[in-house]
2 protein chains.
Amino acid sequence: MKTMTTKKKQVSARPAVAPVGRKERRNAVSKKPAAPQTQRGNQTRDRLKEAAVRVLERIGYRAMRLSDIAAEAGVNVSLLYHYFSGKADLTHEILSELLESWRIQDAGGGPSSGDAFESILRANKVMVTAYSRTPGLMRCLLHFDEEEAEFSELYRRVSADWSIRIAKDIARRCPGVSLGDEQRLMIAYALGGMVDNFLFELYVDRNPNLVKVFSAPDDVAHFLAILWYRTVYLTNPPAEHLRGYEGFASLRLGEVPAA
Amino acid sequence: MKTMTTKKKQVSARPAVAPVGRKERRNAVSKKPAAPQTQRGNQTRDRLKEAAVRVLERIGYRAMRLSDIAAEAGVNVSLLYHYFSGKADLTHEILSELLESWRIQDAGGGPSSGDAFESILRANKVMVTAYSRTPGLMRCLLHFDEEEAEFSELYRRVSADWSIRIAKDIARRCPGVSLGDEQRLMIAYALGGMVDNFLFELYVDRNPNLVKVFSAPDDVAHFLAILWYRTVYLTNPPAEHLRGYEGFASLRLGEVPAA
DNA sequence: ATACAACTTGAATTTAAATTCAATCATGGT
DNA sequence: ACCATGATTGAATTTAAATTCAAGTTGTAT
């Protein structure tokens with residue numbers, strides 16, 4: 001209504017170019033906006049988040065521009081700053097919630113129903129689903145710490161929780177062994193990493209050598225569970241779990257039974 | 001001497017900001033400069049490359065500015081364009097040569113001297129050395145495909161070569177088994193990934209849980225070799241290789257010997 | 001109705017750092 | 001000595017895209 005002062009111009013706006021998070025914390029960016037006060041506000045905020053998820057999945061963090069998100073959500077770019085303090089803030093929220101969703105899903109799966117193999121298989125399937133359904137987001141998870149150094153800690157914390165749970169599971173199932181807690185944890189880290197790495201190469205990098213072998217997600221989960229089982233328990237899983245992988249049964253050191 | 005025309009200004013210079021390698025190949029950048037013609041030229045080019053290696057190791061690709069490289073090398077920024085077509089070109093050359101150096105080192109290690117365990121251990125040590133000595137570069141290797149999509153293919157090719165060699169090694173040592181080539185290759189990928197991932201978490205992320213356990217590089221190589229050996233050969237490595245990890249000997253499925 | 005707050009927009013503003021350019025310097029061959 | 005060619009420099013130029021601003025819109029409680 002009332003025409004206020006015309007545009008000022010000496011106000012110092014903030015940086016523009018992606019401020020390579022280097023030594024000095026150059027990009028303080030405006031403070032985090034308060035939560036929406038109205039239903040419409042909440043809807044819009046969610047719409048922006050969902051749009052960003054789709055864009056992240058499609059082209060990744062680096063290539064994603066605020067205008068991409070805005071277009072996808074059907075709103076004006078500057079509206080984004082009403083709900084988030086910037087691109088990194090928005091992405092951080094999305095990826096954090098992704099990590100958090102696993103923790104919940106993971107804990108919800110029942111402490112340890114079924115035999116050891118099924119326990120491993122179940123854990124693997126959670127990861128396989130994530131990688132096969134949203135490879136783009138998984139890629140972001142890996143790359144986002146280039147933008148926000150603190151993020152890798154969050155990632156690590158989740159990963160650690162997961163490994164620790166697995167380690168405890170191993171302990172429960174092998175009560176008699178003399179292996180220390182520490183070594184058990186290392187094994188969990190190593191095997192958890194094996195799964196992560198394999199799925200990344202299969203679903204994110206789409207390594208043709210792997211793609212041509214594994215068409216069904218369940219196959220991968222199964223394959224990795226067998227390897228895992230062999231490493232920990234030093235024997236093949238019960239025959240009923242070997243369906244399709246009977247070949248493994250004979251993979252052991254040639255004819256060196258003596259000793 | 002002669003003052004030529006004053007600076008023109010209508011010449012269209014190239015983009016400035018990191019051109020998020022998106023859809024249109026916006027950043028064609030000037031053509032690749034010819035090789036240096038003189039000894040001094042070669043020295044300078046090498047100096048720039050070595051400087052860039054140090055900066056990459058220290059702060060990573062994203063945060064590295066051309067001025068950082070120039071300062072480290074003690075030359076003017078614009079000189080960089082005499083020898084490289086830009087930041088990405090320079091980095092690409094560095095990382096490619098790093099990958100290539102492994103291939104050579106790897107092939108040079110003799111086809112397969114020693115027993116199976118030593119063969120695995122030797123392969124692991126190559127990786128441990130790389131990760132423990134230049135974690136920053138290893139990190140760049142992982143992140144650089146965000147800048148140059150084609151790079152991940154190069155990485156994959158090297159990784160595939162490595163896995164294939166391992167798979168063949170497994171085949172030679174287990175001639176009697178009925179496992180297909182394909183499955184053998186998958187195992188090599190999985191276990192290779194396990195090593196990569198573990199070393200990344202230990203040396204690059206410096207995950208405290210891992211750091212406090214492994215102080216000596218040889219320990220990690222040994223630990224991972226044992227896991228590997230167990231997975232493939234379904235037995236512990238010969239006792240002389242278990243030094244320090246005797247606990248593993250008893251890690252197997254409780255008391256289920258019957259069957 | 002009307003006012004007030006929250007929401008939304010269009011357009012202006014800003015900046016780091018990459019890239020280019022013309023000029024100067026160094027050097028080796030004649 | 002001189003000149004041609006490559007090496008080096010200093011300074012100017014250029015952007016994409018993030019961020020901000022102030023003004024318009026919408027909704028809702030009084």
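Naming: A, B, ... by sequence-line order, numbering from 1 per chain.
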Colleague: Going by side-chain hydrogen bond (donor to acceptor under 3.5 Å, both in side chains), name the residues that satisfy it together with B:Asn42, two or more places apart in sequence or in a different chain.
Modeller: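 B:Asn42: no side-chain hydrogen bond (donor to acceptor under 3.5 Å, both in side chains) contacts found.
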Colleague: Atom CG of A:Asp89 to atom P of D:dA18: distance rounded to whole Å?
Modeller: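 Computing the A:Asp89:CG to D:dA18:P distance gives 14 Å.
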Colleague: Take atom CG of A:Leu80 and atom C1' of D:dA17, then tell me their distance rounded to the nearest Å.
Modeller: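 So the two atoms are 13 Å apart, to the nearest Å.
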Colleague: Looking only at side-chain atoms of A:Arg65, point me to the closest of D:dA7, D:dA11, D:dA17.
Modeller: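 Between D:dA7, D:dA11, D:dA17, the one nearest the side chain of A:Arg65 would be D:dA17.
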Colleague: A:Glu72: which residues meet the salt bridge (Lys or Arg N to Asp or Glu O under 4.0 Å) condition with it, sequence neighbours left out?
Modeller: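 A:Arg54, A:Arg58.
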Colleague: Atom OH of B:Tyr61 and atom P of C:dA17: how far apart are they, to the nearest Å?
Modeller: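 B:Tyr61 atom OH is separated from C:dA17 atom P by 13 Å.
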Colleague: How many Å lie between CG on B:Asp68 and C1' on C:dA16, as a whole number?
Modeller: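 These atoms are roughly 12 Å apart.
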Colleague: Given D:dG10, D:dA7, C:dC7, identify the nucleotide with an atom nearest to the side chain of B:Ser78.
Modeller: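 Per side-chain heavy atoms of B:Ser78, the pick is D:dG10.
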Colleague: Should B:Glu50 and B:Arg47 count as an ion pair when the cut-off is N to O under 4.0 Å?
Modeller: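 No, B:Glu50 and B:Arg47 are not salt-bridged.
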Colleague: Separation of B:His82 atom NE2 from D:dT8 atom P, in whole Å?
Modeller: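 That distance rounds to 8 Å.
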Colleague: What nucleotide, of D:dT19, D:dA7, C:dT9, holds the atom closest to the side chain of A:Leu66?
Modeller: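 When the side chain of A:Leu66 is considered, D:dT19 is the closest of D:dT19, D:dA7, C:dT9.
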Colleague: Quick one: list whatever passes ring pair (Phe, Tyr, Trp, His ring centres under 6.0 Å) with B:Phe200, sequence neighbours left out.
Modeller: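 Counting only residues at least two positions away or on another chain, B:Phe200 forms no ring pair (Phe, Tyr, Trp, His ring centres under 6.0 Å).
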Colleague: Contacts to DNA chain C from residues 37-55 of chain A, heavy-atom cutoff under 4.0 Å, which residues?
Modeller: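 Under 4.0 Å from DNA chain C: A:Gln37, A:Thr38, A:Arg40, A:Gly41, A:Thr44.
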Colleague: Should A:Asn76 be listed as having a side-chain N or O under 4.0 Å from OP1 or OP2 of C:dG10?
Modeller: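 It does, given that an N or O in the side chain of A:Asn76 lies less than 4.0 Å from OP1 or OP2 of C:dG10.
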Colleague: Would one find a side-chain N or O of A:Tyr81 under 4.0 angstrom from OP1 or OP2 of D:dT20?
Modeller: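 False: A:Tyr81 side-chain N/O out of range (4.0 Å or more) of D:dT20 OP1/OP2.
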Colleague: Go through the structure and list residues passing ring pair (Phe, Tyr, Trp, His ring centres under 6.0 Å) with B:His143, not counting sequence neighbours.
Modeller: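 Per chain and number, B:His143 pairs via ring pair (Phe, Tyr, Trp, His ring centres under 6.0 Å) with A:His143.
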Colleague: Could you list the residues that satisfy ring pair (Phe, Tyr, Trp, His ring centres under 6.0 Å) with A:Tyr189, not counting sequence neighbours?
Modeller: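 Ring pair (Phe, Tyr, Trp, His ring centres under 6.0 Å) list for A:Tyr189, sorted by chain: empty.
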